[in-house]
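First comes the structure, then the notes that go with it.
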Amino acid sequence: MLDKFGVARALREIGMLLELDGENPFKIRAYENGARAVEALDEDLAALVTGERLTDVPGIGEALATKIAQLHRTGQLDLLDRLRAKHPPGVLELLEVPDLGPKKIAALQAALGIASLADLEAACAAGRLRGVKGFGEKTEQKILEGIRRLRARPAQRRVLLADALELGDRLVAHLGRSPAALRCELAGSARRGKETVGDLDVVAASGDPPALAAHLVQFPLVEEVLARGDTKTTVRLAGGLQVDLRVVPPEDWATLLHHLTGSKAHHVKLRGIARDRGYTLSEWGLYRLPANAAKGRRRTATATSTATPTATATATPTSTPDADTPPPEGSEKVRIDSEAALYAALGMQPVPAELREDQGEIEAALAGALPEDLVAAGDVRGMVHCHTTWSDGRATVADMARAAEALGMEYLTITDHSRSAGYAGGLDADRLRRQWDEIDRVQEQVKVKLLKGTEADILEDGSLDWPDQILERLEVVVASIHSRMKMDEEQMTRRLVAAMRQPVFKIWGHAMGRLLGKRDPYRARVEEVLDALAASRGAIEVNGDPERLEADPRLLRLAGARRIPVVLSVDAHSPAALGYLRLAAITARRGWVRRGDVLNVRPFQEFRAAVRPV
DNA sequence: GCCGTTTTCGGCCCGACTGTTTTCAGTCG
């Protein structure tokens, strides 16, 4: 019995082992795609298996459906067992070594019998690699260094989005100070707003790429230059984060920015669409293929005539590209001066960066069904979910109020912890009343409207951590789980549903309670919980705390399908943390949250009416 | 392996960089 994540892991392992077997790369990709598809399932895997509807899922055909069903039911699969038996158990970790791929591993296995990281290290140290065809001294050194680094760093260290964005902003500012920089921007998964980031991708337009690359190397945090080519430079920063800088002439800016924003899956699908419509797409731009260069794909010729870009005037053929770019022979470059123009040329709505994950956005954009009014940080009029020195915040009510006011906010909710959150200085009824007095006093000194609220613990039985007569006097209640997070799925589901059925339940805080890299979400049947939330007309919080970024975008899309309203929150314990709004907004956008679905973009009176616990 | 408004076969994204090769294969994103 495996859940969908277990099944996905098994499929990935099969893919990797097949790779070591030298299998057809497209078959390997099919397993990877299958793993992604299973992971991304909205519907219960068990239901799909029982209903024999797995093949309805794009990327899953007959063969994979059978294997997935067996993995799900029994946790075991003959193919996987055979592959595991064929390859020594230590061989998969070899794929983790930088610059070492399946081909080289196979060669080393054949020539030297290397079957583990330890074998490899010993062979390098003894200088035996350089004897193998295709390997030299440099490769040997590089691999040794790679092993050392692999051992030194904690497994798969990724940085939090907040840190990546801060570092990225500094890098872009640094590059912008070079006279060689015409434009410069952070791309990659940081631009897509992924909750953790493995490396930074920076794109730049310049008439003098080598000068800009040299300027990058001057960035104070650069520790090592890993690669340096005509258009691409890779460095490693102190702390281990890798930065790729790509530089192109201004006319290729838009397609390069698009190329480096990703994700890979989004690009693969997009390029297939380009191909179908008689183009080829790469970071060098969009090229119209000559009519006779159909590459054996019969549909290409007709697709070209029907898919001529008409949406904008930006997609007009220009002269042949520069000599140093690699255009497909006989093709014609299409002028693209923005990412939106690129999508338009392919007959699509523009896809916001945060949505480029191949999670249905391409199909929606082709159908004209993509939301065009995703919420942005600038839409927000009120800061929600703020703590003060009354509980575990580090700033007073007055400090928080002035900070929110300085940011142009119309209102601010003060939501200190409730009594049961003893570790966080939760308030009892008496202290709560004294806090109200202070809020009243501060209100006289500031323009920003202060709302009296609480972050109430959802207790073990689903009740909230205040008597009803207090809850009813509060203006805003964020209800969160802070304890007993290891309940089983059944208990947790009942706890949440019970909580949400109370009329005073208005905002679900810390939805599913993850701590990035530290704690998995608690277990609950999310669809059932969201149904309860929708029925009670409650809202879901998008928490901008860098270590949380709850709710997960996938959960937000399930909420969106139920028309559940959203609150963008900062969960601020200090004035500086009001800046987390940026992270909340980017996370909401990843969940396809539209402006109209967000409560705290509304004016004060409307917001207050919408969240009032009654 | 999957997929299909001309398909059940024959496609399946594309280029930069490195090291080792004397013209390219492997890896990476």
Side-chain angles (χ1 to χ4, degrees), chain A residues 11 14-15 18-19 21-37 54-55 57-68 79 95-108 129-130 132-143 146 187-189 198-201 209 225-234 242 244-248 252 255-256 258-276 279-287 289 294-303 306-307 324-328 358:
Chain A
L11 294 179
I14 293 172
L18 288 175
E19 215 177 346
D21 269 358
E23 253 294 1
N24 174 357
F26 298 108
K27 185 193 264 197
I28 292 155
R29 193 163 99 190
Y31 277 93
E32 281 162 7
N33 286 341
R36 287 183 60 242
L54 274 171
T55 51
V57 180
I60 300 178
E62 291 295 338
L64 275 180
T66 310
K67 293 184 173 80
I68 290 167
L79 170 64
L95 281 170
E96 303 281 312
V97 180
D99 303 313
L100 205 53
K103 298 278 166 49
K104 283 186 179 168
I105 291 172
L108 291 175
L129 248 60
R130 63 189 74 171
V132 182
K133 182 171 158 56
F135 292 79
E137 208 171 320
K138 272 195 169 173
T139 308
E140 203 173 69
Q141 284 311 311
K142 226 171 161 176
I143 288 174
S189 51
D199 60 13
L200 291 179
D201 293 290
V225 179
L226 298 175
R228 201 156 169 179
D230 290 343
T231 67
K232 178 176 170 178
T233 306
T234 303
Q242 195 168 302
D244 286 337
L245 171 69
R246 292 287 294 270
V247 190
V248 288
D252 292 325
T255 43
L256 178 76
H258 178 266
H259 169 77
L260 277 171
T261 299
S263 69
K264 184 175 174 178
H266 179 87
H267 281 317
V268 168
K269 193 170 269 186
L270 207 60
R271 286 170 183 173
I273 287 166
R275 204 85 197 170
D276 289 347
Y279 298 98
T280 178
L281 175 63
S282 77
E283 65 260 55
W284 291 105
L286 187 68
Y287 290 83
L289 294 167
K295 260 196 171 176
R297 291 187 70 163
R298 275 172 290 163
R299 63 183 141 165
T300 306
T302 44
T306 56
D324 58 344
T325 64
D358 188 25

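In the text below, chain A, chain B and the rest are named by the order of the sequence lines, each starting its count at 1.
Listed nucleotides B:dA16, B:dC12, B:dG29 differ in distance to A:R275; the shortest reach to its side chain belongs to B:dC12. For A:K232, the side-chain atoms get nearest to B:dA16 when compared with the rest of B:dA16, B:dG19, B:dC12. Which of B:dC17, B:dG19, B:dG26 sits closest to the side chain of A:T139 comes down to B:dG19. The listed nucleotides are B:dG15, B:dG1, B:dC17; the one nearest the side chain of A:W284 is B:dG15. The side chain of A:K264 lies closest to B:dG29, out of B:dC12, B:dG1, B:dG29. When distances run from any side-chain atom of A:R29 to the nucleotides B:dC17, B:dC12, B:dC2, the shortest one goes to B:dC12. Between B:dC28, B:dG1, B:dG26, one nucleotide has an atom nearer to the side chain of A:D99 than all others, and that is B:dC28. The side chain of A:N24 lies closest to B:dC12 when the candidates are B:dC2, B:dG15, B:dC12. In the set B:dG26, B:dC2, B:dG15, B:dG26 carries the atom at the smallest distance from any side-chain atom of A:K104.
Using the six-membered ring where Trp is involved, A:H259 and A:H267 have ring planes that are parallel, under 30° apart on the 30 and 60° scheme.
Within 4.0 Å (heavy atoms only), A:P25 reaches no atom of the nucleic acid at all. Counting non-hydrogen atoms under 4.0 angstrom, A:E62 reaches the backbone sugars and phosphates but no base. Among the heavy atoms of the strands, none lies under 4.0 Å from A:I28. The residue A:K133 sits apart from the nucleic acid: no heavy atom pair falls under 4.0 Å. A:Q242 comes within 4.0 angstrom of nothing in the nucleic acid, heavy atoms only. If you check every strand for non-hydrogen atoms under 4.0 Å, A:L270 touches nothing. Heavy atoms of A:F26 sit under 4.0 angstrom from at least one base atom. Within 4.0 Å (heavy atoms only), A:K138 reaches sugar-phosphate atoms of the nucleic acid but no base atom. Nucleic acid contact for A:D230: sugar-phosphate only, since backbone atoms but no base atoms lie under 4.0 Å from a heavy atom of the residue. Backbone-only engagement by A:V97 is indicated by non-hydrogen atom pairs under 4.0 Å involving sugar-phosphate atoms exclusively. Contact annotation for A:L281: backbone-only contact, meaning every heavy-atom pair under 4.0 Å involves sugar-phosphate atoms and none involves a base.
Nucleotide B:dT8 is matched to nothing when pairs are restricted to Watson-Crick or G-U wobble geometry with both distances under 3.5 angstrom.
Residues A:L286 and A:T255 approach most closely at N-CG2, 4.3 Å, considering heavy atoms. The minimum heavy-atom distance linking A:T55 with A:A65 is given by the pair CG2-CB, 3.8 Å.
One finds the CD atom of A:E32 at 6.5 Å from the NZ atom of A:K264 (value rounded to the nearest 0.5 Å). The distance from atom CG of A:L200 to atom CG of A:D244, rounded to the nearest 0.5 Å, is 9.0 Å. Summarising the geometry, atom OG1 belonging to A:T66 is positioned 6.5 Å from atom CD belonging to A:E62; distances are rounded to the nearest 0.5 Å. Here CG of A:L129 is found 10.5 Å from CD of A:Q141. Values are rounded to the nearest 0.5 Å.
Separation of the C1' atoms belonging to B:dT20 and B:dA25 is 9 Å when rounded to the nearest angstrom. Rounded to a whole angstrom, the distance from the P atom of B:dG11 to that of B:dT7 is 16 Å. Only the C1' atoms considered, B:dC9 is 36 Å distant from B:dC17, to the nearest whole Å. A distance of about 10 Å separates the C1' atoms of B:dC3 and B:dT8, rounded to the whole Å. For the P atom pair drawn from B:dT21 and B:dT27, the interatomic distance equals 16 Å after rounding to whole Å. Taking atom C1' on both B:dG10 and B:dG15, the two are 24 Å apart, rounded to the nearest angstrom.
Taking the nucleotide of DNA chain B with the nearest heavy atom to each of A:A63 and A:P98, the more 5' of the two is matched to A:A63. Projected onto DNA chain B by closest heavy-atom contact, A:P102 and A:F135 fall at different nucleotides, the more 5' of which corresponds to A:F135.
Distance, A:L18 CG to B:dG1 P: 8 Å, rounded to whole Å. Summarising the geometry, the separation between CD on A:E140 and P on B:dG26 is reported as 19 Å, rounded to the nearest angstrom. Look at NE2 on A:H259: it is 11 Å from C1' on B:dC28, rounded to the nearest Å. In this structure, the CG atom of A:L245 is 17 Å from the C1' atom of B:dC28, given to the nearest Å. As rounded to whole Å, 12 Å separates atom C1' of B:dT5 from atom CG of A:D276. Distance CZ (A:R246) to P (B:dC14): 15 Å, rounded to an integer number of Å. Following rounding to the nearest Å, A:L54 (CG) and B:dC2 (P) show an atom-to-atom distance of 11 Å. The CD-C1' distance, from A:E32 to B:dG29, rounds to 13 Å in whole Å.
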**Request:** Quick one: do A:D252 and A:E283 satisfy side chain to side chain contact (heavy atoms under 4.5 Å, CB included)? Show the steps, please.
**Result:** CA-CA 8 Å; A:D252 292 325; A:E283 65 260 55; over 6 Å; no

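Taking the syn range as angles within 90° of 0, the glycosidic angle of B:dT7 is syn.
Considering only side-chain N and O atoms, A:T231 lies under 4.0 angstrom from the phosphate OP1 or OP2 of B:dC17.
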